[in-house]
Structures are given as C-alpha cells and as structure tokens.
2 protein chains.
Amino acid sequence: MNISQAAKLSGLSVKTVRYYADIKMVEPARNIQSGYRSYSNDDVAKLNFIGKARRFNFSIEECRELLSLYQDKNRSSKEVKKLTLAKIASIDEKLKEFHSLREELSHLVNCCNGDDRPSCPILDELSK
Amino acid sequence: MNISQAAKLSGLSVKTVRYYADIKMVEPARNIQSGYRSYSNDDVAKLNFIGKARRFNFSIEECRELLSLYQDKNRSSKEVKKLTLAKIASIDEKLKEFHSLREELSHLVNCCNGDDRPSCPILDELSK
DNA sequence: TATAAAGTTTCCAGTCACTGGAATGTAAAG
DNA sequence: CTTTACATTCCAGTGACTGGAAACTTTATA
C-alpha cells in the first residue's frame, strides 16, 4: 500500500511516517517504477507499535529498542520490563515536578486579588 | 558587571544569558572599548525574574508578557492572575496525561513476569 | 614585559520529533 | 487529454537552549 494508506491505518500523519522512513525506523519497500514507498502489513504493525510507544512517552531511541525487542522472538521479558520501569520512574519525577509547580502557582493565585490595582503578589514572588 | 557575574547572580548559564540578550529579552549595555556586555543590577533582577518564571514552566513568550507587566507600574493584577490561572490549567492537563500514562504502564508492568522467557504482555499490548 | 590563561565575542551547527512548504514527478478519474 | 490527487525530495522552522570554533580582550603569572 502507499504511504497515505499506511498513515491512515497506523493513525499517524503522512509526514511522520515518511520521517520514520528517513530515520530508518520503518523502511518500506519501493515501487521501482514510481519510486513510491510501498508499505506491507508488517510495516503498518510496526508503525502502530511505534505510535503506541510514543503515546506512552517513550522517546524515538527507546522506541527503537522496544521495536528490536519486539522483533526478537528470543528476547526476555526482563529487558522490556526494565525499560518500562525506568519510564515509569521518569514519569513519576515529572509528576512530582508538576505537582509542586501547581501547588506554588495556586498558592500565588490565592494571594492575588486579581483586580485593577497594580499590587500583585505573583509578580512580587517572581521578582524576589 | 560582565556576563559571567550576571550569570552567577541569576543562577543561569552564560550561554543562556547571552541567548536572552540575542532574543532581546534582557539587553545589557555594552562596554564600548571591549564590546563586552555590561549588566546592571536591574538586568540581573530581570534575569532572576525570568529564571523563576521559566522554572514555573512559563514559556519564553509568556515570560516576555510577565516581564512587561512586571515593568509596568500601572498594570492591573488581573492580567497577571489570568496568565497564571491559564498556566495552572495547562499544568493540570499535563498532570492528567502523565497520571493515566503511569496507570497504564504500571498495569502492564504488573502483568509482566520480567523473567528470561520471551512472553511479554507489555510488547503484546504495544503491538495490538 | 612577555606570555599564558581566563573570559568574552560572534557565528554556525546540533538537539528532539516532527511540521510546513515549494518544486517536481506519477497515478487515477473524468 | 486534462484535471486532480497523491507522491517524491529538499530546505527551513519550531523551542529553548547547548556545544564548539576562531578571534579578540583582560587579567594573572613568570
């Protein structure tokens, strides 16, 4: 199938699918006459896999790792679990960060009148 | 003072401070003889302000807005509060995203033996 | 005072994961 | 046969820096 069909089936944009070909993550066959990329069902499965992994916040490099594990029938689930646990840990960090950020900001908002006068504890805090 | 002193006082890197000058966010005076950037205490206060706002996850453009409010003695606190509330809302979105991501991943990890056998529910899920 | 070291300048390139757009070529539909 | 849709490559831009090179100034040391 052509690239737009592959894009549709995998839920990615044509640009993204082409990008994944450029960076040699999913390299489809080529139609010799037209030069068009020709995607197999297997290619689409890989695109799907990558799309999901990206949505799970895995980086492109991590996707590459997962993909090679995915394609290796003799891999151990230990490796995959390790990667995933590391990902969870990094998500936890981000959660912590954003949580304390939220706390601080909402504290400031609560102190701020939000009226037409210039006095503003938010700016005061920012300038300390 | 020179750039490295300003960087130290504001807790930013020299590269970052120079970058903020390049994008016309904090434009210091110049030593005519040497061409070196010459930072005033006021400049450092602005750098500090920006550093904090960035740590609060405000984008450069938002920092620019906040900075101009900060420098406008007649601004109303309403505007600042509005910006901050919007920032909180966007943080809430991110929190929600990461939270559900975390849930899904930890569910997968719990289903995975993590042993030396190839069977792996994480990859199974990713390939669905 | 000569030289070395530290600090600064500009400029260009790279990061990450795409996205947009132009110019051009091919395929399918009317 | 022409229009339209889809495809190709290549170049540039995003955000917010960061790294590095080459050249210059200032400061410290021998």
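For clarity, every value in this text was computed on a predicted model and none was experimentally measured. First the proteins, then the strands, lettered A, B, ... as listed; each starts at 1.
- Rounded to whole Å, the distance from CG on A:Leu12 to P on C:dC18 is 8 Å.
- Proximity note for B:Thr16 (side chain, C-beta onward) versus C:dT19, C:dC11, D:dC17: the nearest is D:dC17.
- Phosphate contact (OP1/OP2 of D:dA7, side-chain N/O of A:Arg37, threshold under 4.0 Å): absent.
- Without hydrogens or angle criteria, A:Asp22 side chain to A:Tyr19 main chain gives no donor-acceptor distance under 3.5 Å.
- Taking atom CD1 of A:Ile60 as the reference point, atom C1' of C:dC18 lies 9 Å away to the nearest angstrom.
- Contact check, B:Arg30 against C:dT10: a side-chain N or O comes under 4.0 Å of OP1 or OP2.
- In this entry the distance linking CE of A:Met1 with P of D:dA7 reads 12 Å, nearest Å.
- Here the shortest heavy-atom pairing between B:Gly114 and A:Lys81 reads CA-CD, 3.6 Å.
- No side-chain heavy atom of A:Arg30 sits under 4.5 Å from any side-chain heavy atom of A:Tyr36.
- Separating the CG atom of A:Asp22 from the P atom of D:dT9 is a distance of 7 Å, rounded to the nearest angstrom.
- With salt bridges taken as basic N to acidic carboxylate O contacts below 4.0 Å, one links B:Glu61 and B:Arg64.
- The base of D:dT26 lies outside donor-acceptor range of the side chain of B:Tyr36, with no N or O pair under 3.5 Å.
- Put simply, the side chain of A:Met1 reaches to within 4.5 Å of the side chain of A:Asn41, judged on heavy atoms.
- In the set D:dA7, C:dT19, D:dA16, the nucleotide with an atom closest to the side chain of A:Ile3 is D:dA7.
- Between B:Arg54 and the phosphate of D:dC17, there is a side-chain N or O to OP1/OP2 separation shorter than 4.0 Å.
- The side chain of A:Arg18 has D:dT9 as its nearest neighbour among D:dT9, C:dT8, C:dA17.
- Remark: P of D:dT18 and CD1 of B:Ile23 are 12 Å apart, rounded to the nearest angstrom.
- Residue whose closest nucleotide on DNA chain C sits further toward the 5' end, between A:Glu61 and A:Gln33: A:Glu61.
- Put simply, NZ on B:Lys15 is 15 Å from P on C:dG7, counting in whole angstrom units.
- For C:dT8, one of the phosphate oxygens OP1 or OP2 lies less than 4.0 angstrom from a side-chain nitrogen or oxygen of B:Ser4.
- Each end of the helix from C:dT1-D:dA30 to C:dG30-D:dC1 gets its own axis, taken as the rotation carrying the C1' atoms of four end pairs onto the next four within a five-pair window, and the two axes meet at 20° to the nearest 10 degrees.
- If you take CZ of B:Arg55 and P of D:dC17, they are 11 Å apart, rounded to a whole angstrom.
- Close to C:dC18, at under 4.0 Å from its OP1 or OP2, lies a side-chain N or O of A:Tyr20.
- Distance OH (B:Tyr39) to P (C:dT8): 10 Å, rounded to an integer number of Å.
- Closest contact between the side chain of A:Tyr19 and the listed nucleotides C:dT8, D:dA16, C:dC18 involves C:dC18.
- Taking 4.0 angstrom as the limit, A:Ser34 places none of its side-chain polar atoms (N or O) nearer than this to OP1 or OP2 of C:dG25.
- With respect to the salt-bridge test (charged N to carboxylate O, under 4.0 angstrom), the residues A:Lys52 and B:Asp124 do not qualify.
- Not one N or O on the side chain of B:Glu65 forms a donor-acceptor pair closer than 3.5 Å with the backbone of B:Glu62.
- A cation-pi arrangement is present between A:Lys87 and A:Phe58 under the rule of less than 6.0 angstrom and at most 45 degrees off the ring axis.
- The side chain of B:Ser13 approaches D:dT18 more closely than any other nucleotide in the set C:dT19, C:dT8, D:dT18.
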